[in-house]
Number of protein chains: 2
Amino acid sequence: MKSPSYHHGNLRAVLLDLAEQRLAAQGHENLSLRDLALAAKVAASAPYRHFSSREALLCELAQRGFERLGAAYAAAGVAPDPQSRLRAACRAYFDFAAREPQMFRLMFMTDLVMRANKTQNLRIGIDSFETLEGLLRATMPGATPLAVRSRMLVLWSLLHGAAVLLQEGQVDHLLLPGLGLADVLEDILARASGS
Amino acid sequence: MKSPSYHHGNLRAVLLDLAEQRLAAQGHENLSLRDLALAAKVAASAPYRHFSSREALLCELAQRGFERLGAAYAAAGVAPDPQSRLRAACRAYFDFAAREPQMFRLMFMTDLVMRANKTQNLRIGIDSFETLEGLLRATMPGATPLAVRSRMLVLWSLLHGAAVLLQEGQVDHLLLPGLGLADVLEDILARASGS
DNA sequence: ACCTGAACACCGTTCAAGT
DNA sequence: ACCTGAACACCGTTCAAGT
């Protein structure tokens, strides 16, 4: 309760919190500013004092997501050796996609990121890439930057592809007796972080 | 010109063609039925004689995409040995994502596919998976179905992840002097279709 | 500075009515 | 059978006006 305006307090934060609920519940495509305003008991035009557009609000939401993903990476950094730190980070990526599927989708809505990049916004997405690359580099002592980058692009593709497919539930009907979700995950983790 | 109705002909096909243009130009999120109707010089409600909803039209559009992808796979089938047939199919997947990015995005809008699956629609997406798995199996003579499926899920993740990242233009700023787009592509193709 | 109210230009969808 | 016209319930966004 910092500077409660005459109506009901810090509308900005309230809107962002509401937006995050709506996002998790229904996905970014069904998030409406008017609905947010209604829920916050405020006029339909009030959000425009705090966000220049619906898209701007979505960008800030995505930023929250990248921050949480960054935190998950940081938590993965406590593993003992480089190899398992990388593996833990990859697992964190999967977990994130599984636990917050709608946020994950929002974060990789690239048209949004592109437009936001111009306004200096979501370079946190790039940080996320660099963090992972740092962890990978630590497992490749003596490798040239080019070799690291090359392998990073493979890792990133594999990781992202698997996360997308898992999060979308496309993998479920492809499992076999003797090939469970855990097996698939371990296999992909091994190929992503392994030799 | 099959059964030209009293107004101007087969509205259904006209709408689908217009929709495909709009899709390529602006993406599925900016495709409006009303706009389509306007462009076809027809009332806003007319499309509903041919499509039960906007989503139904989008589904049919996605189906066209899967058919084209299937044709591209078929063309890849002419390569001499199993190994290069698989590789050609993977390349076809990348090419498709690059040449028709908006269609590619539409095809993997999974909420759509899920809802459509209930109405027996897009099992063509599954066919696409199975085609690729068939090509992979041919490169693994004597392998158990489980081993094939397991490797297929890795291949599919890598392929899909790379296609998504390429199509979104996220790879461009990650290239280095001496590491061009072609190199990245070849590397990923080798890992996807190779041993 | 922050919010309201009314308005503008859009949507998807429905439904009675026309031909 | 196929289309129109008008309507309903929504949108994002703008802008003058209030406090």
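This one's a predicted model, so the numbers in the text were calculated from it and none came from an experiment.
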hbond_proxy A/Arg34 side chain to D/dG12 base (donor-acceptor, 3.5 Å cutoff): yes
Candidate nucleotides C/dT13, C/dC3, C/dT4, ranked by approach to the side chain of A/Leu11 - the nearest: C/dC3
Touch class at under 4.0 angstrom, heavy-atom based, for A/Arg49 against every strand present: base
Closest nucleotide among D/dC11, D/dG12, C/dC11 to the A/Asp35 side chain: D/dC11
Separation of atom CZ in B/Arg22 from atom C1' in C/dG12, rounded to whole Å: 17 Å
Whole-Å distance separating the NZ atom of A/Lys41 from the P atom of C/dT4: 12 Å
Length of the line joining A/Leu15:CG and C/dC3:C1', which is rounded to integer Å: 12 Å
Salt bridge present between A/Arg22 and A/Glu29 (N-O < 4.0 angstrom): no
Rounded distance (Å) that lies between atom C1' of D/dC10 and atom CZ of A/Arg54: 14 Å
A/Ser45 side chain near D/dT13 phosphate (N/O to OP1/OP2, under 4.0 Å): no
Strand partner of D/dA7, provided both Watson-Crick or wobble distances fall under 3.5 Å: C/dT13
A/Arg105 with A/Glu100: basic N within carboxylate O range, under 4.0 Å: no
Listed nucleotide nearest any side-chain atom of B/Tyr48, set C/dG12, D/dG12, D/dC3: C/dG12
Integer-rounded Å distance: D/dC3 P and B/Leu38 CG: 16 Å
Nearest-Å distance for atom pair CG/C1', residues A/Asn30 and C/dC11: 14 Å
Pairwise side-chain contact, A/Leu189 with A/Phe94, heavy-atom cut-off 4.5 Å (strictly under): yes
G-U wobble or Watson-Crick pairing nucleotide for D/dT19 (cut-off 3.5 Å, both distances): C/dA1
Side chains of B/Asp187 and A/Ser150, donor plus acceptor under 3.5 Å: yes
A/Glu55 CD to D/dT13 P, straight-line distance once rounded to whole Å: 8 Å
Whether over 12 other heavy atoms sit under 6.0 Å from A/Arg12 CZ: yes
Pair B/Arg87 + B/Asp81: basic N to acidic O under 4.0 Å: no
Nearest-neighbour nucleotide for the B/Ala43 side chain, C/dT4, D/dG5, C/dG12 considered: D/dG5
Touch class at under 4.0 angstrom, heavy-atom based, for A/Leu36 against every strand present: nothing
Value in whole Å for how far the C1' atom of D/dA1 lies from CG of B/Asn10: 15 Å
Under 4.0 angstrom between A/His50 side-chain N/O and C/dA1 OP1 or OP2: no
Short side-chain N/O contact from B/Ser32 to OP1 or OP2 of C/dG12, under 4.0 Å: yes
A/Ala46 side chain, from C-beta outward: closest of D/dT4, C/dT4, C/dT13: C/dT4
